[in-house]
Each structure stands twice: as structure tokens, then as C-alpha cells.
Amino acid sequence: VQLQASGGGLVQAGGSLRLSCAASGRTVSLNTMGWFRQAPGKEREFVAALGWSGGHTWYADSVKGRFAISRDKALNTMYLQMNSLKPEDTAIYYCAADTYWQGTPVLGDYWGQGTQVTVSS
């Protein structure tokens, strides 16, 4: 499976962006997809995930109520709608996937390249 992330950019605080992650290859093997982010000098942080079949979602507390994860199964594409963006959301965002359920989203089987999100104050 190959994952291609896109949609990052520069936005002012309070603004919105939508990230996309297109999956190709053996997409029938996908179980869970989601997003991590990593800011300069900080550790990687889980952002959100969803079950590819059932659509159940998980969110980090830091983004609950502001971000929404969704998918279009026909297009094999996952989205992250980010609203009310804050400067602390600035990071490289990576999409990732699991091929089997491990009791919690691990997102360790496949990784896409990152897309930069910069939120100015």
C-alpha cells in the first residue's frame, strides 16, 4: 500500500485546512488509517484515526472539536478537516495505516510522506 498526503500550507490562526491521504495498491488490506504530526524539536504526536470499514473515529484531546477525520472508500482517500487552527498545530502531518486491528490505532504498517502545516499567529 502506498499513501500520498497532500493539502498542507500556510494559514492564519483561526483558519482552516483540509488534508488528504490517497491510498493505492492493496487497499483491501487496510484496517485503520489516521494521522500523526511532528513539530520541530518535539516527539511525534497522534492526531486522529478511523476504522476503514466501519468509520469509527479516535481523536487526540488536543484536536477534539476542531478536527474531523473522514474517508471516501470509493476514492480510497482519507481526509482531515482542520478548523480553528492554532499556532501550536504547526507541524509536519503524516498519514499512516494499519492492516489489522491491534486493540487501538497503532498506524505502524504503512506511512506516507509528510505535508507541512504552518499556522501563523
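Worth saying up front: this structure is predicted, and the values here are computed from it rather than measured.
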Check: By side chain to side chain contact (heavy atoms under 4.5 Å, CB included), which residues pair with Gln2, not counting sequence neighbours?
Finding: Ser24

Next item on the list: Heavy atoms only: give me the nearest Leu75-Thr77 pair and the separation to one decimal.
Entry: O-OG1, 2.9 Å

Checklist line | Contacts of Ser6 that satisfy side chain to side chain contact (heavy atoms under 4.5 Å, CB included) - sequence neighbours left out | finding: Ser20

Notebook entry, point to check: Under the side chain to side chain contact (heavy atoms under 4.5 Å, CB included) criterion, do Asp109 and Tyr100 qualify, and how do the steps go?
Noted result: CA-CA 9 Å; Asp109 291 333; Tyr100 63 100; 4.1 Å; yes

Next item on the list: Taking side chain to side chain donor-acceptor pair (under 3.5 Å) as the test, write out the residues that go with Gln38, two or more places apart.
Entry: none

Margin query: Quick one, Thr99 and Arg26 - any side-chain contact, counting heavy atoms below 4.5 Å?
Written below: no

Next item on the list: List in chain and number order the residues that pass side chain to side chain donor-acceptor pair (under 3.5 Å) with Thr118, two or more places apart in sequence or in another chain; answer none if no residue qualifies.
Entry: Gln116

Checklist line | Minimum heavy-atom distance between Pro105 and Thr32, given as atom pair plus value | finding: CB-CG2, 4.1 Å

Notebook entry, point to check: Taking only residues two or more places apart in sequence, or in another chain, which ones meet Arg66 in a side chain to side chain contact (heavy atoms under 4.5 Å, CB included)?
Noted result: Val63, Ser84, Lys86, Asp89

Note to self: Looking at every non-hydrogen atom in both residues, tell me the closest pair between Ala23 and Val1 and how far apart they are.
What the structure shows: CB-CG1, 4.5 Å

Next item on the list: Check salt bridge (Lys or Arg N to Asp or Glu O under 4.0 Å) between Glu45 and all other residues, then give those that pass, not counting sequence neighbours.
Entry: Arg37

Item checked: Listed partners of Ser16 passing side chain to side chain contact (heavy atoms under 4.5 Å, CB included), at least two apart -> Gln81, Asn83

Checklist line | Partners meeting side chain to side chain donor-acceptor pair (under 3.5 Å) with Lys73 (sequence neighbours left out) | finding: none

Margin query: Quick check: closest heavy atoms across Leu50 and Arg71, and the distance to 0.1 Å?
Written below: CD1-CD, 3.5 Å

Check: Which hydrophobic side chains are connected to Trp101, either touching it within the sub-4.5 Å cutoff or through other members that do?
Finding: Phe36, Phe46, Trp58, Ile92, Tyr94, Leu107, Trp111

Notebook entry, point to check: With respect to Leu19, which candidate in Phe67, Tyr79, Trp35 satisfies the side-chain contact (heavy atoms from CB on, under 4.5 Å) definition?
Noted result: Trp35

Item checked: Pairs flagged by disulfide (SG to SG under 2.5 Å) wherever residues 89-121 is involved - sequence neighbours left out -> Cys21-Cys95

Check: Any donor and acceptor pair, going by atom type alone, linking the side chain of Thr115 with main-chain N or O of Tyr93 inside 3.5 Å?
Finding: no

Note to self: Between Asp98 and Val106 (side chain of the first, backbone of the second, donor and acceptor by atom type, cut-off under 3.5 Å), is there such a pair?
What the structure shows: yes

Next item on the list: Work out which heavy atom in Ala48 is nearest to a heavy atom in Leu80; give both atom names and the distance.
Entry: CB-CD1, 4.2 Å

Item checked: salt bridge (Lys or Arg N to Asp or Glu O under 4.0 Å): pairs with one or both residues in residues 54-65, sequence neighbours excluded -> Asp61-Lys64

Next item on the list: Please tell me if the side chains of Leu30 and Asn76 come closer than 4.5 Å, counting only heavy atoms from C-beta onward.
Entry: no

Note to self: Test your reading of the model: is there a side-chain donor-acceptor pair from Gln113 to the backbone of Ala5, 3.5 Å cut-off?
What the structure shows: yes

